[in-house]
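Below: the structure, in structure tokens.
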Amino acid sequence: MSLLEVRNLRVSFATPRGSVQAVESFGVSIDAGETIALVGESGSGKSVSALALARLLPTPPARIETGEVLFEGRDLLLLGERELQRVRGKELGFVFQDPTSSLHPLMTIGEQLEEALLVHERLPRTSARQRAEWALAEVGIAEPKARLTAFPHQLSGGMRQRVMIAMALLTRPKLLIADEPTTALDVTVQASLFALLRKVQREHGTALLLITHDLALVSTFARRTLVMYAGAVVESGLTSELVARPAHPYTRALLRSVPSLSTSLDHALPVIPGTPPDPAHPALGCAFAPRCEFALTACHQRRPALVALSTSASGAAGVRVYNRRVACTESERALAAEVSS
Amino acid sequence: MSALLAVEGLCVRFAAREGRMVHAVEGVSFSIPSGGALGLVGESGSGKSTTARAIAGLQAPSEGRVLLDGEPFGRQSARSARARVQLVFQDAQGSLDPRRPVGWSVEEPLALQGSGTAKTRRARAFAALDACGLDPKLSLRYPHELSGGQRQRVAIARALVCEPQLVILDEPTSALDVSVRAQIVNLLCDLRQRFGLAYLFVSHDLAVVRRVCEEVAVMYLGRIVERAPRSELFASPRHPYTQALLAAVPEIGRDLALAPLALDPASPLAPPSGCAFHPRCPRRSEVPAQRCSLELPILQTHGDAALSCHLAAGAVPRAHPAAPGSGASRG
Amino acid sequence: MSTSPRKGEWFSDATFERVAAQFAVEQVPNLWADVRRRLAARASARWSLRWLLALVLASLIVPLLPLPSPAAMALDKQPKPPVAPWVEPFNERFEPYYGELNPLDRALVSVRQRAFGEKQTGPWLGTDAKGRDTLARILWGSRTSLLVALFAALTSLTIGVAWGAIAGLARSRVDNAMMRTVDVLQSLPTIFLVIFLLSFLNAPSPTGAARSVSRETVFFLVIGAVSWLPMARVVRGQVLALRSAAFVESARTQGASTGWIVRAHLVPNVLPIVLVYLTLTLPSVILYEAFLSFLGLGVEAPNVSWGVLAADGAEAISPLATFWWLPLGPALAMGATLLALGLLGDALRDALDVKRSEA
């Protein structure tokens with residue numbers, strides 16, 4: 001049984017101009033200790049999906065229309081507020097993009113770390129302090145004892161994010177959800193935070209759902225990757241296969257259009273024309289069709305479903321079948337041809 | 001060779017709390033030839049944005065000077081001189097007046113110059129928007145009605161409308177979505193080619209800088225630590241900091257988590273002694289006698305490139321500077 | 001590398017002709033036209049504006065209307081309850097007793113006498129204990145409230161906006177001095193100040209000549225001293241934020257003068273907030289006047305204001321008889337006016353927010 005199984009999650013937001021579909025269909029299953037990346041641009045619904053599965057979205061304006069979120073077999077969407085609090089506090093950990101707004105500005109780091117332990121673990125104060133100190137040491141903060149009495153503004157951005165990770169890991173959660181944890185940080189700090197995440201994951205067997213806009217960032221870090229576009233998962237699979245042989249035209253174009261240190265400078269950067277769609281005006285057909293170089297008439301008329309690619313297309317047989325899935329009319333067609341032949 | 005822009009010994013210092021001074025920029029010198037593009041890279045707190053703002057005249061330099069075509073350039077310069085240098089900000093939303101249609105914002109620099117009639121100003125604004133790949137119809141829209149990429153195009157059109165010689169770009173692609181970033185990068189390359197612009201391109205994104213600029217200067221805590229032509233810097237970075245920066249750029253198939261630096265950057269409020277990078281430097285043990293923590297390395301020029309590192313000073317004998325003109329291609 | 005175009009010809013008129021040919025230049029959007037349209041689209045804003053305009057008009061021409069005089073008494077010794085307009089629309093008992101009037105009002109009253117003669121409306125809203133007509137007193141009393149509001153609006157718009165803008169634009173030392181002044185004025189306990197000023201200024205002089213300064217003057221002095229303070233703060237905050245906004249800095253790099261920055265960027269960005277804030281200031285000032293008058297520190301007889309009327313009404317309530325119409329009329333008039341200002345402010349805020357407008 002997987003640790004987390006999300007099926008058919010649909011989220012909409014009530015706006016003054018009517019309801020907007022933020023997430024159209026989202027599904028993922030995460031095994032214990034696994035790292036999964038959720039990749040997409042702003043507005044793709046990646047953060048909303050992650051917040052929705054932990055029921056962290058304010059409702060209203062958000063509304064979870066359909067879906068199941070099975071965490072160790074229990075549906076989080078059906079839990080009562082108290083039980084949900086317990087799961088969120090103990091089993092799930094969160095790290096957000098902006099550590100400044102996630103930390104209380106008037107409480108010391110130590111007080112904030114201890115609070116979680118006092119509430120969720122009912123530890124006595126002295127051992128809570130001890131645990132907080134260990135937690136800081138664990139995320140690579142020098143002189144953890146001295147840092148416990150520091151206020152958030154006295155720390156650098158990278159340091160604050162380390163504190164957030166320490167806080168998220170305090171109760172030894174089974175799943176850590178990190179939403180763009182390093183986007184606001186410098187690349188060198190980003191690299192050391194990724195090293196840190198990998199270390200704590202290895203030591204505690206924590207599963208990690210990593211939300212990012214940068215495919216390159218997770219290309220070696222996450223075992224599996226889901227690519228989202230306009231509120232739906234358009235492709236998923238083992239990261240190594242997905243970056244080596246992207247099946248969806250969006251993934252393909254995205255990989256090519258990212259400036260890298262190794263591409264030739266002789267040609268202009270290949271671009272994806274146009275802009276991401278406005279969720280207030282959803283397209284009838286495939287959301288990517290207006291920007292897709294391969295788009296057919298059918299693409300504009302019908303929304304392709306997320307279907308499994310055949311094993312021949314998804315890589316070597318014998319590997320545990322994490323189906324390569326892709327939502328593209330073109331692939332459906334190829335698949336149909338393959339089945340019929 | 002006379003440079004279009006020459007920055008000589010630029011220092012910017014701020015008064016911080018408790019009477020301390022922040023040395024945001026210390027002794028930065030470089031020059032950009034007409035039509036050239038220099039990338040200024042570094043992490044937050046490196047002083048790269050402050051350098052750009054000081055050159056644009058938004059920040060008074062504490063020391064040093066900025067020369068445009070040999071003439072001092074700054075807050076006191078005449079409007080006609082100022083029009084030759086334009087600034088594009090990271091945050092395109094903030095750089096356009098929310099209560100003005102974007103067409104008005106594009107026309108504003110012309111109006112400030114007092115050039116032409118209202119009709120010719122509008123004509124040039126339309127044409128500038130067109131050159132930046134925007135439908136001039138959008139000039140009637142308000143900034144919030146445009147997408148992030150469109151707003152950045154408007155900001156670039158506004159910078160171009162006065163036909164500048166130098167455009168200072170402060171993180172112009174950082175706030176953009178991945179798929180839009182490539183469009184803006186290509187646009188910047190095209191515009192430079194088309195109008196013979198010179199760029200001072202400030203960014204933390206080395207891959208983008210590599211696309212746009214022929215020359216790159218790396219800043220760390222207020223100082224330039226390495227400057228080299230693109231071909232050299234990306235192929236064989238010499239400063240350990242440049243090496244660490246390049247190693248940390250996310251690339252497909254590269255394991256980022258393998259070689260992190262031991263520490264986070266130091267605060268500009270309390271810069272380390274000696275070489276500011278020494279506490280994080282993985283190679284300081286190669287330099288004998290704690291020199292890195294005691295002595296500030298000076299920026300030494302070797303042909304096209306310059307480097308400020310004790311490691312190189314030991315490795316490269318001063319009597320024999322590196323061969324000049326190694327693979328620098330300008331234009 | 002291709003040869004770059006010559007200076008001054010990057011964007012030639014030829015390009016314009018080509019570009020302009022692609023579309024007809026539409027009407028440049030006008031912020032204020034948009035605001036009017038959006039305000040008009042909102043029913044609450046329409047009704048609020050109508051009520052406020054009607055009230056202003058009525059208070060201006062109240063001497064012309066065929067109403068009883070607000071000061072003419074009848075010795076009934078007992079308040080008379082309202083008589084519905086259809087029962088007694090008019091009577092012929094008009095008494096031209098108004099107390100002191102300014103020349104313009106006197107002229108208006110004489111016009112009224114010529115036009116309507118002895119005719120006056122019946123006691124539609126009842127009379128008070130001295131037989132004075134409640135409706136006439138409410139309408140005459142609205143003049144005080146509106147005058148106070150007008151005065152506060154003027155001080156807010158002139159002193160408040162200028163003070164805030166100058167502080168926001170000035171260097172930190174000037175800014176500091178100006179804002180500390182605001183702090184000091186704001187910290188004055190205004191009620192005590194009014195009481196103090198009244199007792200101090202109206203103390204009988206040794207020569208026996210009392211009443212050197214009228215209560216109204218004191219009242220307006222105090223309103224004038226305090227009503228612009230919040231506005232100065234709000235404007236300063238806005239100007240400070242705008243001053244470092246990227247679009248202002250961008251204009252500065254082009255050599256824009258402070259005058260240009262103010263005209264082109266600050267005014268359009270600050271004005272909407274000023275207007276919205278004004279609709280918050282006015283109700284508080286109207287309430288303040290009513291409160292002081294209720295305490296007997298505001299206007300004095302024979303002048304009336306809504307606060308005086310409310311005080312009279314409250315006095316008239318006794319265990320033996322509840323003359324409900326006495327407090328009800330002024331309370332409704334004031335409540336409706338405050339509500340209208342609030343709704344209007346709300347609608348203005350939405351209408352001025354360009355981001356809320358439909359694309």
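We name chains A, B, ... by the order of the sequence lines, and we start the count at 1 in each one.
With a threshold of 4.5 angstrom between heavy atoms, Ala131(B) approaches chain C through side-chain atoms but not through N, CA, C or O. For Leu160(B), the parts lying under 4.5 angstrom from a heavy atom of chain C are both the backbone and the side chain. Contacts between Leu58(B) and chain C at a heavy-atom distance below 4.5 Å involve the side chain alone, from C-beta outward. Gln90(B) does not touch chain C: none of its heavy atoms, backbone or side chain, sits under 4.5 Å away.
In this structure, Ala56(B) and Thr253(C) approach most closely via the heavy-atom pair O-CG2, 3.9 Å. Considering every non-hydrogen atom in both Phe89(B) and Ser250(C), the closest pair reads CE1-CB, 3.8 Å. Taking each heavy atom of Ala246(C) and Gly94(B) in turn, the nearest pair found is CB-O, 3.4 Å. Across every non-hydrogen atom of Gly255(C) and Arg79(B), the tightest pair is O-NE, 2.8 Å. Residues Asp97(B) and Ala264(C) approach most closely at OD2-O, 3.8 Å, considering heavy atoms.
Put simply, the residue from Leu112(B), Leu110(B), Leu87(B), Val85(B) that forms a side-chain contact (heavy atoms from CB on, under 4.5 Å) with Gln254(C) is Leu112(B).
Partners of Phe220(C) by ring-ring contact (aromatic ring centres under 6.0 Å, His included), not counting sequence neighbours, listed by chain and number: Phe151(C).
Using a 4.5 Å heavy-atom cutoff, the side chains of Pro272(C) and Arg99(B) are in contact.
Around atom CH2 of Trp47(C), no more than 12 heavy atoms belonging to other residues, nucleotides or ligands sit under 6.0 Å away. More than 12 non-hydrogen atoms from other residues, nucleotides or ligands lie less than 6.0 angstrom from CZ of Arg50(C). Counting non-hydrogen atoms of neighbouring residues, nucleotides and ligands closer than 6.0 angstrom, the CZ atom of Arg180(C) exceeds 12 such neighbours.
Screening residues 100-112 of chain B for salt bridge (charged side-chain N to carboxylate O under 4.0 Å, His left out) gives Glu107(B)-Arg122(B), Glu108(B)-Arg158(B) as the qualifying pairs, with residues at least two apart or on separate chains.
Taking CG from Leu96(B) and CZ from Phe247(C), the interatomic distance works out to 9.0 Å, rounded to the nearest 0.5 Å.
Chain B forms the most heavy-atom pairs under 4.5 Å with one residue out of Ala245(C), Ala251(C), Ser257(C), and that residue is Ala251(C).
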